[in-house]
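Ligands are counted one by one from 1 in listed order, and the atoms in each one are counted from 1 as well.
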Amino acid sequence: MYEWIVEIMTGKVYLIGAGPGDPELLTLKAYRLLKMADVVLYDRLVGKDIIALIPETAEKMYVGKAKSMHSLPQEEINSLLAAKAKEGNMVVRLKGGDPFIFGRGGEELEELIEEEVPFEVVPGVTAAAGCAAYAGIPLTHRDYAQSVRFLTGHLKDGTTELPWEELVHPAQTLVIYMGLTGLKDISASLIRFGMKPSMPVAIVEKGTTSEQRVFTSTMEDIYDVATKNEAKSPALLIIGEVVTLQKKLEWYGKY
Ligand code: SAH
C-alpha cells in the first residue's frame, strides 16, 4: 500500500537528447515531452532556440557544463534530478546531442536507479551526425571510409591520451568531440603515429546553427587554420578522406 502511494507521488525523469542546435532536429518525442515538462534542467550546449520551446509554466534550471568548470558539480545535478522527480514533477533533463554519447547520461541514470526514480531516455541527433550532415561531409562513403569512430579529445583527467595507433587505420573516419583545446597535440600525435600530414580535416563550429562555420585543411595545417580563424567551442573535428567531399556537397546556407 505504502509503495503504491510512493509510486503515484514520484514523478519521472526524461533524459532527452536535444540534438546539436537546430531546433528542428529535436525528435517529435523530445518536443512532445518538453512541452509537458514541470521542470527542465539543461546544459550549456542546449541552444537558445530550443530553450525558447520550454513552456512558461515550467521551472527552468541551467545546470551548465562548461568543460572543467561545471556550474553545478555532476553529483549535484544527479541528486537534483532525483529530488525534483520525488516532489512529483515531470522532469526533463535536456542534453545537447545524444545523452549517451559523451553526455554523462549513464551517470545520471545510475543515481536515479539508486533513488528508485523512474525514467525514460530519448535519443538525440549527436553532434557527429548533425555537423557532418550540415557541413556536407558523409561520415562513411564506399570509396573512402568503411568505418567511423567517435572519440573525445578531452579525458576525465584533462589529458588527451588516445589509442593513436588504431586511429591511423586506413578507410576510417575519425570524429573527435571536445577536440579543439587539444588540437595541436592531437594533430602532432596522429602524424607521429603514421597519419599522412596531408590527411584532410574539417572543423565544424556551432554545427547546425545559423552561426555554423566550417574550416577544412590538412592534418599538418589544421591547428594554424583554427588559430587564424579563432575557431571556438563547441566544435567538432572530422578527420578522413571523406572531408574532400565537403567542397562538392556543401549545401547549408547555400541554397
Ligand atoms: N552529447 C553530445 C556531446 C557532448 S560533448 C552529442 O551527442 O553531441 C560536447 C562536445 O560535442 C563539444 O565540445 C563539441 O565537440 C561537440 N558538439 C556539440 N554540439 C556541437 C555543435 N553544435 N557543433 C559542433 N560541435 C558540437
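No side-chain heavy atom of Phe119 sits less than 4.5 Å from a side-chain heavy atom of Arg93. Here the side chains of Pro234 and Glu205 are not in contact, with every heavy-atom distance at 4.5 Å or above.
Some N or O of Thr126 is nearer than 3.5 Å to an N or O of ligand 1, by distance alone. Ligand 1 has no nitrogen or oxygen under 3.5 angstrom from a nitrogen or oxygen of Glu205. For ligand 1, the polar-atom distance check finds an N/O of Ala235 within less than 3.5 Å of one of the ligand's N/O atoms. At a 3.5 angstrom cut-off on N or O pairs, Pro99 does not count as close to ligand 1. For a threshold of 3.5 Å applied to N or O pairs, the pair formed by Pro20 and ligand 1 contains at least one separation below that value. Checking only distances, Ile101 does come within under 3.5 Å of ligand 1, N or O to N or O.
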message: Run the side-chain hydrogen bond (donor to acceptor under 3.5 Å, both in side chains) test on Tyr177 and Thr126 for me, step by step, so that the C-alpha distance in whole Å, both residues' side-chain angles and the decisive distance to 0.1 Å come before the verdict.
response: CA-CA 10 Å; Tyr177 289 68; Thr126 191; 2.6 Å; yes

message: If you apply the rule side-chain hydrogen bond (donor to acceptor under 3.5 Å, both in side chains), what do you find for Asp43 with Tyr62, and how did you get there?
response: CA-CA 6 Å; Asp43 283 356; Tyr62 171 74; over 6 Å; no

query: Under the side-chain hydrogen bond (donor to acceptor under 3.5 Å, both in side chains) criterion, do Gln172 and Glu166 qualify, and how do the steps go?
result: CA-CA 10 Å; Gln172 171 176 252; Glu166 294 171 26; over 6 Å; no

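Other residues, nucleotides and ligands contribute at most 12 non-hydrogen atoms within 6.0 Å of the NZ atom of Lys29. Crowding of Glu116 atom CD: a count of heavy atoms from other residues, nucleotides or ligands under 6.0 Å not exceeding 12. Open room surrounds NZ on Lys184; 12 or fewer heavy atoms of other groups in view lie less than 6.0 Å from it.
The backbone N or O of Val225 sits nowhere less than 3.5 Å from a side-chain atom of Ser217 that would complete a donor-acceptor pair. The backbone N or O of Gln246 sits nowhere less than 3.5 Å from a side-chain atom of Glu250 that would complete a donor-acceptor pair.
By heavy-atom distance, the residue among Gly207, Ala135, Gly124 lying nearest atom 23 (N) of ligand 1 is Gly207. The residue from Ala18, Ser233, Ala127, Gly153 that puts a heavy atom closest to atom 18 (C) of ligand 1 is Ala127. Within the set Gly21, Gly96, Gly47, the minimum heavy-atom distance to atom 2 (C) of ligand 1 is found for Gly96. By heavy-atom distance, the residue among Met178, Lys232, Gln212 lying nearest atom 13 (O) of ligand 1 is Met178.
Counting the atoms of ligand 1 from 1 in the order shown, those under 4.0 Å from a heavy atom of Val204 are 24 (C).
Contact analysis puts Leu45 in contact with ligand 1, with a non-hydrogen atom separation below 4.0 angstrom. Taking 4.0 Å as the cut-off, Lys206 counts as a neighbour of ligand 1 on heavy-atom distance.
For atom 11 (O) of ligand 1, the closest heavy atom belonging to the protein is Tyr177 CD2, 3.3 Å. Counting protein heavy atoms only, atom 4 (C) of ligand 1 is closest to Phe102 O, 3.3 Å.
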